[in-house]
Number of protein chains: 2
Amino acid sequence: MLYMRSTQDDRTTRAVIRDEALRLFAERGPESVTVRQIAGAAGVSAGLVVHHFGSKDGLRQEVDQYVLAVFEAMLGELTGEGGQELLDPGAGSASLSEAFARHLPAGSPLPGYLRRLLLTGADTGRVLFRRLFELSRRTLDELVAAGTADPGRDPAVRAAVLLANDLAVFLLRDHLTDVLGTDPLSVDGMARWAPELLGVYAGGLNAAPQGEAPPPR
Amino acid sequence: MLYMRSTQDDRTTRAVIRDEALRLFAERGPESVTVRQIAGAAGVSAGLVVHHFGSKDGLRQEVDQYVLAVFEAMLGELTGEGGQELLDPGAGSASLSEAFARHLPAGSPLPGYLRRLLLTGADTGRVLFRRLFELSRRTLDELVAAGTADPGRDPAVRAAVLLANDLAVFLLRDHLTDVLGTDPLSVDGMARWAPELLGVYAGGLNAAPQGEAPPPR
DNA sequence: CAGCATGTTAAACGCTTGTTCAATCCCGTG
DNA sequence: CACGGGATTGAACAAGCGTTTAACATGCTG
């Protein structure tokens, strides 16, 4: 093909368009991105975008599906591999946030897209959240079974609290980076964030930090 | 004026336009709302909207300023009235969420607009978040001074954790309503949410609930 | 080698957008 | 009572939007 990307790139032109759309959608939101901008970013004409995806909305839906699939794959690895390591205050894991940081490259647009999906993706967002909520409920159940957590008065609400706290890092990532000087989804950032959150989970707000770094108790 | 709103309404036409814009912006986002739609909702012509606010962006900025002003007023009442009642695990207050529920009418578009401001309002959102972060830091300081909380290893991060947890309810309101069956910003919803969160804050995830079902103050 | 499906482009189309403009209406003031 | 000025409208405008179309190049298949 003469029209294929110049330098070596094993992705199909179709995939390149999809990736650029994903990036731009995550950055500015689908409404603020034009077909011509996507085409420009992918190095093709506007007509080709429509030719491949039927319409702009068709492209958006395909990106939705793609992101969801990647996310599910991530979740699969997480819950499937070495038993439940999710949300376990004992292990170094701080759940979803850490999962993303570990499974995705540094500047990946995926977190941003998922954020937008969660906040403005009418139906897809609802499905996604329900999925996460069920996961959170099961995780809490496991923690209770293991004696690591109490179900509380209202286990559904407690699971929701845990999920919300987890997602908050995600949704507020940029602002947190701004005021703390560290991206909470980066390795350094999680090293600051996780102990503080797990400290509260372990003994409440009033308990002094326990797992020491400097002070030998 | 013959053109004034039919039924009694003490608001200026200008104010009506501003309010309708606020509502629509909060619902769908400024990019997805047209000047004609705003005009239609306010019962005026598109030209008049521009005449009053210069441009669509001018209108958006004015709504921004208006929302920020109302929010600041709310914050002022909160921090100023009976000393610090904010984030105090002893009182029934669950901070920002409760403040909104108490100071705003039921279907107010303000929470939705603030959410959007926080998540997509480039500079305004940053300023808003910094403001809230400073408030959270001061509140944590007071809790520490009162012996109700420990500063933790990294007080800035601990304050950020508290703020993020608080804002999460806000940002995920619709989804939480969906899975829990109760709006967490309503009176009923807070009655479910607050005890669970405060329970964790009081003794961590593993502690059994302490204050009984209806706590006799 | 003919032929056909596919990838691709440039140009054009129709529609919606934000904005401008001239005209009209009404009130307050001199 | 004239009149000037703000409020208000409907029509018009240019620009940008998503999409359609006709044409062309390319690689595969019989």
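Convention: sequence-line order gives letters A, B, ...; per-chain numbering from 1. In what follows, every heavy atom counts, from backbone to side chain, and hydrogens, waters and symmetry copies are set aside. These numbers come from a predicted model, not from an experiment.
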Round to a whole Å and report the spacing from [atom1] of [X] to [atom2] of [N].
{"X": "Phe53(B)", "N": "dT20(C)", "atom1": "CZ", "atom2": "P", "result": "16 Å"}
{"X": "Gln37(B)", "N": "dT17(C)", "atom1": "CD", "atom2": "P", "result": "7 Å"}
{"X": "Asp57(A)", "N": "dT19(D)", "atom1": "CG", "atom2": "C1'", "result": "13 Å"}
{"X": "Leu59(B)", "N": "dT19(C)", "atom1": "CG", "atom2": "P", "result": "10 Å"}
{"X": "Ile17(A)", "N": "dT9(C)", "atom1": "CD1", "atom2": "P", "result": "8 Å"}
{"X": "Glu31(A)", "N": "dG18(C)", "atom1": "CD", "atom2": "P", "result": "14 Å"}
{"X": "His51(A)", "N": "dT9(C)", "atom1": "NE2", "atom2": "P", "result": "11 Å"}
{"X": "Leu24(A)", "N": "dG18(D)", "atom1": "CG", "atom2": "P", "result": "12 Å"}

Report, as yes or no, whether the 6.0 Å neighbourhood of atom CZ on Arg131(B) holds more than 12 heavy atoms from other residues, nucleotides or ligands.
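Incorrect, the count does not exceed 12.
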Determine to 10° how strongly the helix from dC1(C)-dG30(D) to dG30(C)-dC1(D) is bent, judged from the axes of its five-pair ends.
10°
NA contact type, Val33(B), heavy-atom cut-off 4.0 Å: base, sugar-phosphate, or nothing?
sugar-phosphate
Any salt bridge between [X] and [Y], counting N to O under 4.0 Å?
{"X": "Arg126(A)", "Y": "Asp123(A)", "value": "yes"}
{"X": "Glu62(B)", "Y": "Arg14(B)", "value": "yes"}
{"X": "Arg137(A)", "Y": "Glu134(A)", "value": "no"}
{"X": "Arg138(B)", "Y": "Glu142(B)", "value": "no"}

Tell me which nucleotide among [options] gets nearest to the side chain of [X].
{"X": "Ala46(A)", "options": "dT19(D), dT8(C), dT8(D)", "result": "dT19(D)"}
{"X": "Val50(B)", "options": "dT19(C), dT19(D), dT8(C)", "result": "dT19(C)"}
{"X": "Leu48(B)", "options": "dT8(C), dT8(D), dG18(C)", "result": "dT8(D)"}
{"X": "Val35(A)", "options": "dG18(D), dT9(D), dA7(D)", "result": "dG18(D)"}

Separation of Ile38(A) CD1 from Arg60(A) CZ (nearest 0.5 Å):
11.5 Å
Nearest 0.5 Å, please: how far is CG in Leu162(A) from CG in Asn165(B)?
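It is 9.5 Å, given to the nearest 0.5 Å.
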Report yes or no: is there a donor-acceptor pair, N or O only, under 3.5 Å between the side chain of Arg36(A) and the base of dG16(D)?
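By the distance-only test, no, there is no pair.
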dT16(C), OP1 or OP2 - any side-chain N/O from Thr34(B) closer than 4.0 Å?
no
Between His52(A) and dT8(C), is there a side-chain N or O to OP1/OP2 distance below 4.0 Å?
yes
